Amino acid sequence: MLLTRALSALILAPLVIAAVGAGGWALVGFLIVVLGIAAWEFARLMQRGGFRPTWWIAPILIAAFVIDAMLPAARALPAALSLTLIGSLTWHMRHRGPSVTADWALAIAGGVYLGWAGRQFVEVRALENGAAWLLLILTGTWLADSGAYLVGVRIGRHTLSPALSPKKSWEGLAGGVIIGLVGNALVAAALRLPAIHGAMLGLIGGTIGTLGDLSVSMMKRQVGAKDSGHLIPGHGGALDRIDSLLFVVIAGHLYLVWFAGLPAP
């Protein structure tokens, strides 16, 4: 399992780094594809729980959130939100069944959940030295996640949240926080950015990222699923791979603007 996870990461990491480095429409397109796959997986998960969220609603909202961050003057988001809310409710009037309102709400919630996080990637990339800061958010999450996995597998004894993720331990959490904090400070120094901010983004990756992971675990537990999909060997689906990042990029963006003092573009 560890070798499979490592090989998958070695293949995927260069693609992600290339999209971050390119920025612009390359990053926007990459985000829409990845988040669109995650939205499809989310819809499939909810179907296992007896719901039927319409699959095409979330990708429209995701694209609107991300494109609006790239072209705010176009006001794509208000138009897309307005049309999607009206259109999706009208679409669901055709359906019958006890969960029709929940189906609509889940479709909208999935789009907002993934789309808002996707927007933060574009907004961080637009900051001064945005590629480096976005890379620090990614590495802080990856280091913390890898550290938590390695430490938890070896010495994890005390379960962090048995109801949601019985394999996660407090020892793993501590290991992830330490490795994320220290490792990301070193990455920041290598990128010629303040080590303290790299360390704090690593700390966010280990703490807030764990909450993002557990939130998707909650969804999977409710419908009796182990993984959101089988797209990535050793990691599960796209949603499994980005669950921590969805929370970290939001919190990381706020940290950079509020505490690191980076001016908005």
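Hydrogens, waters and symmetry mates are skipped; everything else that's a heavy atom, side chains included, is used. None of these values were measured; they are calculated from a predicted model.
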Once side-chain hydrogen bond (donor to acceptor under 3.5 Å, both in side chains) is applied, what residue pairs with a partner in residues 172-193 remain, sequence neighbours excluded? Thr139-Asn184
Under a 4.5 Å cut-off applied to non-hydrogen side-chain atoms, are Lys220 and Ser165 in contact? no
Using side chain to side chain donor-acceptor pair (under 3.5 Å) as the criterion, list what pairs up with Thr84, not counting sequence neighbours. none
For residues 25-53, which residue pairs qualify under side-chain hydrogen bond (donor to acceptor under 3.5 Å, both in side chains), counting only residues two or more places apart or in two chains? Glu41-Ser228
N/O donor to acceptor pairs below 3.5 angstrom from side-chain atoms of residues 104-118, sequence neighbours left out:
{"unit_1": "Trp104", "atom_1": "NE1", "unit_2": "Ser88", "atom_2": "OG", "d": "2.8"}

Kindly indicate whether the side chain of Leu254, heavy atoms from C-beta on, has any atom under 4.5 Å from the side chain of Val249. no
Contact check, side chains of Trp133 and Leu201, non-hydrogen atoms, under 4.5 Å: yes
Name the one of Val187, Val124, Leu193, Ile17 that satisfies side chain to side chain contact (heavy atoms under 4.5 Å, CB included) with Leu135? Ile17
Roughly how far apart are Asp145 CG and Tyr149 OH, rounded to 0.5 Å? 10.0 Å
Looking at every non-hydrogen atom in both residues, tell me the closest pair between Val151 and Gly175 and how far apart they are. CG2-CA, 3.9 Å
Side-chain heavy atoms under 4.5 angstrom apart, residues restricted to Ile, Leu, Val, Met, Phe, Trp, Tyr: same cluster for Ile179 and Leu186? no
Among pairs that include at least one residue of residues 55-76, which meet side-chain hydrogen bond (donor to acceptor under 3.5 Å, both in side chains), considering only residues two or more places apart or in two chains? Asp68-Arg119
Not counting sequence neighbours, which residues clear ring pair (Phe, Tyr, Trp, His ring centres under 6.0 Å) with Phe51? List them please. none
Of all the heavy-atom pairs spanning Gly24 and Met70, show the shortest one and how long it is. CA-CE, 3.4 Å
Are the side chains of Leu127 and Glu123 in contact, using a 4.5 Å heavy-atom criterion? no
Transitively linked via ILVMFWY side-chain contacts under 4.5 Å: Leu77 with Ile86? no
Nearest heavy-atom approach of Leu45 to Ala225 is CD2-CB, 3.6 Å
If we only count heavy atoms from C-beta on, is the Thr210 to Leu160 side-chain gap below 4.5 Å? yes
4.5 Å side-chain heavy-atom contact, Val16 and Phe30: yes
Of all residues at least two apart in sequence or in a different chain, which pass the side-chain contact (heavy atoms from CB on, under 4.5 Å) check with Ser169? Glu171
Say whether Trp258 and Ile250 are linked into one hydrophobic cluster, either directly or through other cluster members, by side-chain heavy-atom distances under 4.5 angstrom. yes
Nearest heavy-atom approach of Ala238 to Val34 is CB-O, 4.3 Å
Is there a path of hydrophobic side-chain contacts, each under 4.5 Å between heavy atoms of I, L, V, M, F, W or Y residues, that connects Leu83 with Ile67? no
Asp227 vs Arg241, salt bridge (Lys or Arg N to Asp or Glu O under 4.0 Å): CA-CA, chis, key distance, verdict: CA-CA 10 Å; Asp227 296 313; Arg241 184 74 293 241; over 6 Å; no
Would a 4.5 Å heavy-atom cut-off, applied to side chains only, mark Leu214 and Phe247 as touching? no
Distance, nearest 0.5 Å, that separates CG of Leu191 from CG of Asn129: 9.5 Å
Sub-3.5 Å donor-acceptor pair from the side chain of Arg125 to the main-chain atoms of Leu27, do we have one? no
Distance from Leu256 atom CG to Ile137 atom CD1, nearest 0.5 Å? 5.0 Å
Between the OG atom in Ser217 and the CZ atom in Arg221, the distance rounded to the nearest 0.5 Å is 7.5 Å
How close do Ala144 and Gly205 get, counting heavy atoms only, and between which atoms? CB-C, 3.7 Å
Transitively linked via ILVMFWY side-chain contacts under 4.5 Å: Trp91 with Val100? no
Go through the structure and list residues passing side-chain contact (heavy atoms from CB on, under 4.5 Å) with Ala199, not counting sequence neighbours. Leu181, Ala185
Show, in sequence, the C-alpha distance, side-chain angles and deciding distance for Leu35 and Leu246, and conclude whether the side-chain contact (heavy atoms from CB on, under 4.5 Å) test is met. CA-CA 10 Å; Leu35 294 171; Leu246 295 174; 4.1 Å; yes
Which heavy atom of Leu143 sits nearest a heavy atom of Gly180, and at what distance? CB-CA, 4.1 Å
Among all residues two or more places apart in sequence or in another chain, which pass the side chain to side chain donor-acceptor pair (under 3.5 Å) test with Tyr255? His197
Tell me, which pairs form a side-chain hydrogen bond (donor to acceptor under 3.5 Å, both in side chains) where one or both residues lie in residues 10-22, sequence neighbours left out? none
Which residues satisfy the side chain to side chain donor-acceptor pair (under 3.5 Å) test with Ser99, sequence neighbours excluded? Asp103
Can you name the residues that form a salt bridge (Lys or Arg N to Asp or Glu O under 4.0 Å) with Asp213, not counting sequence neighbours? Lys168
